[in-house]
Amino acid sequence: MNSPAKSTDSKALPAISKALPSPPFWRYYPANRLVAWQPQGTLDDLILDQIAEWLVDIEKASLPFKRFVDFSQLTTIAVRTRHVFELARKRAKQFTGVEPVRTALFCDDWVGFGIARLYESLMENTLIEARAFRDLARAADWLSVPGHVLTLKDEPAPHIETTARKHS
C-alpha cells in the first residue's frame with residue numbers, strides 16, 4: 001500500500017534508512033554513515049556471534065561507519081558474561097579499520113545497560129570506541145547524527161540487489 005499511514009498523534013516518517021541484506025532488525029542510514037541494530041526478543045550468545053561475523057564482512061567491503069545498538073526492544077538477555085569478554089577480544093582483533101569507529105549502545109533497562117557498559121569497558125584502548133547510553137539525545141550527539149534517526153521509527157526503504165530493467 002502506497003498511501004501514507006494515518007495517525008492522530010504522529011505522521012509516518014519517510015524512509016531515511018535502507019534495509020540491509022543482513023541479520024534482522026538492521027538499518028543503514030547513508031546520509032549519516034550509520035548502521036543501526038535493534039534486536040528484539042532474546043539476546044543470546046549465538047545472535048551476538050552472528051552480528052560480529054556480519055560486521056567483519058561489512059567492514060571489509062565498505063568505508064568506516066558509525067554504529068548504534070538499541071537494546072530497548074529486548075525481552076530477555078541470555079548472554080554469558082564470559083562470552084561478552086570473548087566477543088570484545090575477538091572484535092578488537094578482527095577490526096581492520098585504520099580509523100576509530102564509534103559504537104553507541106542504548107538501553108533504558110538496567111540489565112541491558114550493564115551489558116553495554118561491560119562492552120564499553122572491554123573496548124577501551126581499541127579502535128572501536130564503544131559507549132553505553134541511557135539517553136537517546138546524548139547518544140545522537142556523541143554519534144553526530146540527528147536525534148530522530150535513533151528512534152528507528154522510519155519505514156526502511158527496501159534493499160534492492162538488482163538493477164531495474166527498462167521497458168520499451
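Everything quoted here is computed from the prediction, not taken from an experiment.
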Taking a hydrophobic cluster as the set of Ile, Leu, Val, Met, Phe, Trp and Tyr residues connected by side-chain heavy atoms closer than 4.5 Å, whether directly or through intermediates, do Val84 and Trp37 fall within one such cluster? yes
Expected output: side-chain Asn32 to main-chain Leu34 donor-acceptor under 3.5 Å: no
Please tell me whether Val111 and Phe71 are part of a single hydrophobic cluster in this structure, the criterion being side-chain heavy atoms less than 4.5 Å apart. yes
How many angstroms lie between atom CD of Glu129 and atom CD of Glu99, to the nearest 0.5 angstrom? 10.5 Å
Note: Ala52 and Arg91 closest approach over all heavy atoms is CB-CD, 3.8 Å
Short question: side chain of Thr103, backbone of Ala130 - any donor-acceptor pair under 3.5 Å? no
Determine the interplanar angle of the Trp142 and Phe133 rings, folded into 0 to 90°, and report it as parallel if under 30°, tilted if 30 to 60°, perpendicular if over 60°. tilted
In terms of heavy-atom contacts, Arg134 and Cys107 come closest through CG-O, 3.5 Å
If hydrophobic clusters are built from ILVMFWY residues whose side chains come within less than 4.5 Å, do Leu87 and Val79 share one? yes
Quick one: do Glu86 and Lys90 make a salt bridge, cutoff under 4.0 Å? no
Side chains of Thr42 and Asp44, donor plus acceptor under 3.5 Å: no
Identify every side-chain donor-acceptor pair in residues 118-128 under 3.5 Å, counting partners at least two apart or on other chains, and give the distances.
from: Glu120; atom 1: OE1; to: Arg117; atom 2: NH1; distance (Å): 3.3
from: Glu120; atom 1: OE1; to: Ala132; atom 2: N; distance (Å): 2.8
from: Glu120; atom 1: OE2; to: Arg117; atom 2: NH1; distance (Å): 3.3
from: Ser121; atom 1: OG; to: Leu118; atom 2: O; distance (Å): 2.8
from: Thr126; atom 1: OG1; to: Met123; atom 2: O; distance (Å): 2.7
from: Thr126; atom 1: OG1; to: Ile128; atom 2: N; distance (Å): 3.1
from: Thr126; atom 1: OG1; to: Ile128; atom 2: O; distance (Å): 3.1

Tell me if a side-chain donor or acceptor on Lys66 pairs with a main-chain N or O of Arg102 at a distance below 3.5 Å. no
Closer than 3.5 angstrom, by distance alone: can the side chain of Arg27 be matched with the main-chain N or O of Leu152 as a donor-acceptor pair? yes
Between the side chain of Arg80 and the main-chain N/O of Ala78, is any donor-acceptor distance below 3.5 Å? no
So CZ of Arg33 and OG of Ser144: to nearest 0.5 Å the spacing works out to 13.0 Å
Test: Arg67 cationic atom under 6.0 Å from Phe65 six-membered ring centre, within 45° of axis: yes
If Ile, Leu, Val, Met, Phe, Trp and Tyr residues are connected whenever their side-chain heavy atoms lie under 4.5 Å apart, and connections chain through other members, are Leu105 and Ile47 in the same group? yes
Contact between Pro39 and Gln73 at the side-chain level, heavy atoms closer than 4.5 Å - yes or no? no
Enumerate the residue pairs fulfilling ring pair (Phe, Tyr, Trp, His ring centres under 6.0 Å) with a member in residues 81-109, sequence neighbours excluded, ordered by first and then second residue. none
How many angstroms lie between atom CG of Leu150 and atom CZ of Arg138, to the nearest 0.5 angstrom? 14.5 Å
Out of curiosity, Asp109 CG to Ile77 CD1, how far, rounded to the nearest 0.5 Å? 6.0 Å
Would you say Phe68 and Leu143 make side-chain contact, with heavy atoms under 4.5 Å? yes
